[in-house]
Amino acid sequence: MDNEKMGGNQMPKKHALSLQLDLTKFEKATEEEKRQAEVMSESSTFFKDGMKRLRKNPLAMFSIVVLIVIVAMIIVVPYVVPYSYSEIITVNGKRDKTATNMSPFSYSRMEQQYIDEGGKIFPHIMGTDELGRDYFVRVIYGTRISLVVGVFAALIVLIIGVVYGSISGYFGGRVDLIMMRIVDIIYSLPDLLMIILLSVVLNEVINVKGNGFLAKLGTNMISLFIVFGLLYWVGMARLVRGQILTIKQNDYVLAAQVSGAKSSRIIRKHILPNCISVIIISAALQIPSAIFTESFLSFIGLGVKAPMPSLGSLASAARSGITTYTYKLIFPAVMIALITLAFNLLGDGLRDAFDPKLRR
Amino acid sequence: MLKYVVKRIILALITIFIVCLITFFTMNAIPGGPFSGEKAKSPEVQAVLERRFNLDKPVGTQFFLYMGNLLKGDFGISAKTGRNISDTIGSKFSVSARMGFFAVLLAIFLGVVFGSIAALTRNHLPDRVIIFLSTLFTSLPSFVLGSFLLVIFSVKLGLVQAWSAEKQNLILPVLSLAAYPAAYITRLTKTSMLDVLGQDYVRTARAKGVAQIKVLFLHTLRNALIPVVTYVGPMIASVLTGSLVVEQIFTIGGLGAEFVTSITNRDYPMIMGVTIFLAVFMVTMNLITDIVYKLIDPRINLA
């Protein structure tokens, strides 16, 4: 090409101070040179940015790993361990009365005899409880229940809070005033007392029959969900409303309104995506608080229906023999602490990574 | 200011009324009255009992009668023991209140001290350790902490004597009640302290040569504690509900233990009475907190 030929034969300068131009400097840039001039890095979205920051946070990453391990365990373990959560241990089809309150990794007399005769018995990783049920399976099932309760409750709070908060924040004026007065009143109700009260009452009123999941959980858990739906969403609603009040001032919302978009569309397409990170973070922090509430209720005897275990009911049941069988408290307690700690740390990490106000 | 106080008091009264409303009508929704079941009574006895407790009147009238009695401080009598509920609440609450009072004091003290240390040593070892521990303590339910404290200090080590009627040792219950709010206040104090330390007036004070300790206590801490004040109301609520389980663990005969027993016994008048009493107490504490908050911080506009 033209360029390449000229680059080869540079014209010699006539003398040192000559202003004669170096023609090579006026050649068209090659593709490679053009690429060098590009200072922009690959375009990054808000989400990618946040994930990058999150990945640099060791505590948050650690909690993600812990949560993944726990979730994997509650899925896999029931298939691996041959006991079920309500099964009293039997040896060779006979009930093993000596297999109660065993310490971790020990066998009862009947089991030992069976092993000596050549049989195989799956070890009791966390021992057995006072009725002779495998404790490891119970703890795993308890974790399952607690997590399900936590996630469900967070979802309920998320949905009600977001819908209520966005309506109130978007329409403003009298609608907002009335809706927020209602929130104020619900917010000032002593929530745990109301939960206890409603659990007591709903327990008598609702009667779930059949063999479904909800029936197995028992009415207490259903009333817990109802109460979460009635009372706990107010914090979320306030948060969403505050976010929306600021976001709706933006010009793009005005532009959408001018071009004739419906309110519901503006909320869904223009406003909510801009506060989704704040909402998700606060929903993540809702999970440990729900698990806490559930364990509290289990403790005072308003938890899941026996024989279904939850971490709270296991910990509470473990108190009766606490001096002799301390491990029975330690296992569920550690599990509760691990889950709440992981969610709290993850929530903090998410907030640091995604909340634009904290980014400095 | 007056307008704000009046507004808050009205909101508190509405809240209390709604609590009473919910409590009364949910309890009424339970099938069967307090005198049905158990022993079979003759219709005459049943009728007398129902008249004595106004059960023969319509529900609406019953509610207003109940509310009228509440205003006079009469909570009715327990369905199980037959004792006067307000007397029970009065005698049991003093135990819980003493424990809760110490727990609140301890939580504020520990929280403010550790929070300030964490803020002053930001991103250094003490800060890291304190924040880690506070996150850990916010992840432990009080009943788990209480049980562990009991096993370790009373049973295994024998350092602290467990609660008994003769020797009322409050150390462990107060500790297990205070742990969660203390951890929360620590984090609260740290953030607000960092916020204040970045303010211009702190820099000015330092620049004009005010002693370091004076800057810390007079300029920084006083302002940093304002957000902590807002937490006092919710903290009292959390300590009171926490006492439900802690009293159970340490077998302390307070109002919390009484409440849990009444739940297991399905003693509805008792549940109603204690719920309303605790709710009124919490709402009042929240009201006082809010008013004090506005009083001590003139920057907040009184809308």
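Atom set for the values below is all heavy atoms of this structure, side chains included, hydrogens, waters and symmetry mates excluded. Naming convention: chains lettered A, B, ... in sequence-line order (proteins, then strands); numbering from 1 in each chain.
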Within a strict 4.5 Å, meaning less than it, do heavy atoms of the [X] and [Y] side chains meet?
{"X": "V292(B)", "Y": "V229(B)", "result": "yes"}
{"X": "K3(B)", "Y": "V6(B)", "result": "no"}
{"X": "I276(B)", "Y": "Y66(B)", "result": "yes"}
{"X": "Y4(B)", "Y": "D290(B)", "result": "yes"}

Winner by heavy-atom pair count (cut-off under 4.5 Å) against chain A, out of [options]:
{"options": "L11(B), I263(B), V274(B), I271(B)", "result": "I263(B)"}
{"options": "S142(B), S147(B), A12(B)", "result": "S147(B)"}
{"options": "I249(B), I16(B), I14(B)", "result": "I249(B)"}
{"options": "N286(B), V283(B), T138(B), L287(B)", "result": "T138(B)"}

**Report entry** Residues of residues 328-336 of chain A contacting chain B, heavy-atom criterion under 4.5 Å, by residue number
**Finding:**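 At a heavy-atom separation under 4.5 Å, chain B is reached by L329(A), I330(A), A333(A), I336(A).
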Requested in this report: Would you verify whether the NZ or CZ of R144(A) falls within 45 degrees of the ring axis of Y141(A) while also being under 6.0 Å from that six-membered ring's centre?
Outcome: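 Judged by the rule (NZ or CZ under 6.0 Å from the ring centre, within 45° of its axis), R144(A) counts as positioned above Y141(A).
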Structural part of [X] lying under 4.5 Å from a heavy atom of chain A:
{"X": "L136(B)", "result": "both"}
{"X": "L140(B)", "result": "both"}
{"X": "Y180(B)", "result": "side chain"}
{"X": "L278(B)", "result": "both"}

Query raised in the report: Just checking heavy atoms, which of residues 230-247 of chain B are less than 4.5 Å from chain A?
Result: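 Answer by number: T241(B), L244(B), V245(B).
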Requested in this report: Would you please test F259(B) and L193(A) for side chain to side chain contact (heavy atoms under 4.5 Å, CB included) and show each step?
Outcome: CA-CA 10 Å; F259(B) 192 35; L193(A) 283 181; 3.8 Å; yes
Query raised in the report: Mind checking whether F93(B) and F277(B) have parallel, tilted or perpendicular rings, split at 30° and 60°?
Result: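 It falls in the perpendicular class, over 60°.
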Query raised in the report: Under 30°, 30 to 60°, or over 60°: which ring-plane class applies to F63(B) and F25(B), parallel, tilted or perpendicular?
Result: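 It falls in the tilted class, 30° to 60°.
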Chain B heavy atoms under 4.5 Å from [X]: which part of the residue, side chain, backbone, both or neither?
{"X": "I186(A)", "value": "neither"}
{"X": "F296(A)", "value": "both"}
{"X": "L59(A)", "value": "neither"}

Query raised in the report: Do side-chain atoms of S96(B) reach the backbone of L255(B) as a donor and acceptor pair under 3.5 angstrom?
Result: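 Yes, the answer is positive, given that a donor and an acceptor are paired below the 3.5 Å cut-off.
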Query raised in the report: Is it true that a side-chain atom of S168(A) and a backbone atom of Y164(A) form a donor plus acceptor pair closer than 3.5 Å?
Result: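 No: the side chain of S168(A) does not pair with the backbone of Y164(A).
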Query raised in the report: Stepwise, does the side chain to side chain contact (heavy atoms under 4.5 Å, CB included) test hold for R181(A) with D176(A)?
Result: CA-CA 8 Å; R181(A) 277 298 149 280; D176(A) 182 39; over 6 Å; no
**Report entry** Side chains of S298(A) and S316(A), donor plus acceptor under 3.5 Å
**Finding:**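 The answer is no; no qualifying pair exists.
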Report task. Go through the steps to decide whether I156(A) and Y232(A) satisfy the test side chain to side chain contact (heavy atoms under 4.5 Å, CB included), and finish with yes or no. Result -> CA-CA 9 Å; I156(A) 294 173; Y232(A) 267 58; over 6 Å; no
Query raised in the report: Going through the checks in order, is the side chain to side chain contact (heavy atoms under 4.5 Å, CB included) test met by N57(A) and M61(A)?
Result: CA-CA 6 Å; N57(A) 184 341; M61(A) 290 318 283; 5.7 Å; no
Requested in this report: Using a strict cut-off of less than 4.0 Å between a Lys/Arg side-chain nitrogen and an Asp/Glu carboxylate oxygen, indicate whether D184(A) and R8(B) qualify as a salt bridge.
Outcome: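 R8(B) and D184(A): not salt-bridged.
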